[in-house]
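Below: one structure, written as structure tokens.
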There are 2 protein chains.
Amino acid sequence: MDNQEKQSKEQLILAAAEQEFLTKGYDGARTTSIAQAAGVTHAMLHYYFRTKEQLFERIVDDKFATMSHSMVAIIGDPSLPIVERIKGGIAAHFDFIAANPLLPRFVINEIVSRPERYEVLYKRAGFVVNSVYNSLQAEVDSAAERGEIERVDVKMLFISIMSLNIFTFVAYPFMEPIMGELMANREQFLAERKAENIETILRRIKKQ
Amino acid sequence: MDNQEKQSKEQLILAAAEQEFLTKGYDGARTTSIAQAAGVTHAMLHYYFRTKEQLFERIVDDKFATMSHSMVAIIGDPSLPIVERIKGGIAAHFDFIAANPLLPRFVINEIVSRPERYEVLYKRAGFVVNSVYNSLQAEVDSAAERGEIERVDVKMLFISIMSLNIFTFVAYPFMEPIMGELMANREQFLAERKAENIETILRRIKKQ
DNA sequence: CTTTGTCCTAACAAAATTGTTAAACAGTAT
DNA sequence: ATACTGTTTAACAATTTTGTTAGGACAAAG
């Protein structure tokens with residue numbers, strides 16, 4: 001009958017924990033409230049995950065992986081011409097964040113509150129980013145040589161794209177009440193915003 | 001001697017509380033740790049502010065006011081020609097956030113975690129924003145008629161400016177370790193970033 | 001010198017939150 | 001049936017965190 005019965009208690013707890021941690025953060029989350037949302041006693045949570053800390057780690061690992069996938073999406077399809085590629089990259093990144101709107105705020109908050117914990121993770125990430133963007137910069141440079149686009153710093157462009165796309169969702173609850181009709185219809189606003197972000201970046205790289 | 005002696009205990013507690021709440025949020029903050037940072041017993045904190053909640057409200061009120069000042073800065077100097085005005089508005093907003101780098105994340109987190117608390121505040125803010133931007137939109141429209149700039153939606157432009165400026169600081173701890181040399185020198189990076197944000201927006205409104 | 005009010009401390013109390021344990025239970029293999 | 005396994009519950013324990021209180025020190029005012 002009830003299709004929650006199909007999922008194991010462990011799955012139920014993980015799902016409830018994800019929701020709780022993403023919205024309230026580690027400090028704001030309560031193991032009892034996670035257990036309640038999952039429909040189990042809080043002893044079960046300790047039975048499966050031992051401590052709040054370990055349950056949290058499970059969520060964090062998943063979310064950090066998802067976040068890095070989202071960033072990879074910006075790179076776009078290398079087989080396309082540079083402008084189309086960037087266009088597609090922005091759209092893919094935007095859609096990715098739209099599907100995981102709570103993700104960036106969670107990841108950023110976590111890194112701010114416990115930076116030391118992610119140093120190791122970061123050594124790798126920095127290395128990957130650097131090699132990827134060296135080749136991307138070369139591609140942009142050669143397109144600039146051919147006069148197709150303006151010469152730009154790829155890392156700066158990358159930061160701008162993330163800014164425009166991520167802020168839309170991170171600040172949504174902050175902006176929505178003060179923006180009136182513009183944001184009244186969420187679907188429509190997000191579509192407009194995606195187009196606006198693409199337009200903004202394309203104009204940034206357009207040869208003039 | 002010690003110039004901390006000059007400040008009242010109340011001031012010391014407020015300063016310590018501001019630091020603690022801005023970095024760790026309400027849930028992560030500990031009244032004992034605030035008291036310790038202020039160099040007083042935690043009973044003093046309750047003596048002056050009764051509860052953690054009331055101490056927090058003092059900080060929140062101050063920070064929300066500061067945040068709204070920062071947003072007003074974007075409006076710029078009405079006596080300048082439109083492009084100069086926008087340029088100045090972006091720079092002023094950027095500098096404001098640079099001087100209060102922890103502010104946006106704090107305000108956004110607070111609104112996300114307790115939206116109901118700020119409904120009243122928001123009724124007003126939405127009203128003010130609307131009237132300000134109606135007149136601003138009219139000004140932009142007339143500049144567009146004269147062919148000085150592209151026709152743009154002022155609210156969308158406003159969101160883009162906030163995105164570019166605020167993300168720089170909100171995500172700084174997240175980006176810094178993966179961006180290598182680009183962000184090695186904070187002062188230099190921020191100067192470059194400010195210029196980049198202005199360039200990005202100016203190109204967005206440039207007639208083409 | 002006493003009174004009054006503010007500031008302050010140390011110890012205590014209360015509440016919330018996380019974590020543990022012993023025993024019950026359900027299913028499965030022997 | 002019996003023993004064995006992993007799962008579940010209810011009650012309890014420990015810890016952390018917030019909040020209280022009784023009283024002392026001290027300065028200003030009468």
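All values below were derived from every heavy atom in this structure, side-chain atoms included, with hydrogens, water molecules and symmetry-related copies excluded.
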Donor-acceptor under 3.5 Å (A:R204 side chain, B:E196 main chain):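 Not confirmed, A:R204 side chain does not pair with B:E196 backbone.
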Please determine if a side-chain N or O atom of [X] lies less than 4.0 Å away from the OP1 or OP2 oxygen of [N].
X	N	result
A:Y47	D:dT7	yes
A:T31	C:dT18	yes
A:T41	D:dT8	no
A:Y48	D:dG6	no

5′-ward residue of the pair B:A43/A:A43 relative to DNA chain C: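 The 5'-side residue here is B:A43.
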Atom [atom1] of [X] to atom [atom2] of [N]: distance rounded to whole Å?
X	N	atom1	atom2	answer
B:I13	D:dG19	CD1	P	14 Å
A:L45	C:dG19	CG	C1'	10 Å
B:F56	D:dT18	CZ	P	13 Å
B:E10	C:dC8	CD	P	10 Å
B:D27	C:dA16	CG	P	15 Å
A:H42	C:dT21	NE2	P	13 Å
A:K52	C:dA16	NZ	C1'	12 Å
A:L55	C:dT17	CG	C1'	15 Å

Using a heavy-atom cut-off of 4.0 Å across all strands, would you classify [X] as base, sugar-phosphate, or nothing?
X	value
B:F49	nothing
A:T51	sugar-phosphate
B:A35	nothing

Would you please indicate if the ring centroids of A:F56 and A:F21 are separated by under 6.0 Å?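 Ring-ring flag for A:F56/A:F21: true, centres closer than 6.0 Å.
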Side chain to side chain, A:I59 and A:L14, heavy atoms closer than 4.5 Å: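 A:I59 vs A:L14: side chains touch.
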Over 12 non-hydrogen atoms of neighbours within 6.0 angstrom of [atom1] in [X]:
X	atom1	result
B:E57	CD	yes
B:R114	CZ	yes
B:Q54	CD	yes
A:R50	CZ	no

Output, in order, the C-alpha distance, side-chain angles, deciding distance and verdict of ring-ring contact (aromatic ring centres under 6.0 Å, His included) for B:F169 and B:F94. CA-CA 9 Å; B:F169 296 94; B:F94 188 96; 5.2 Å; yes
What nucleotide, of C:dC8, D:dT17, C:dG19, holds the atom closest to the side chain of A:H46?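 Comparing C:dC8, D:dT17, C:dG19 against the side chain of A:H46, the answer is C:dG19.
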Among D:dG19, D:dT17, C:dT20, which nucleotide sits nearest the side chain of B:R30?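 Within the option list, the nearest is D:dT17.
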Overall bend - the helix from C:dC1-D:dG30 to C:dT30-D:dA1, comparing terminal axes fitted on five pairs, nearest 10 degrees: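 Rounded value for the end-axis angle: 20°.
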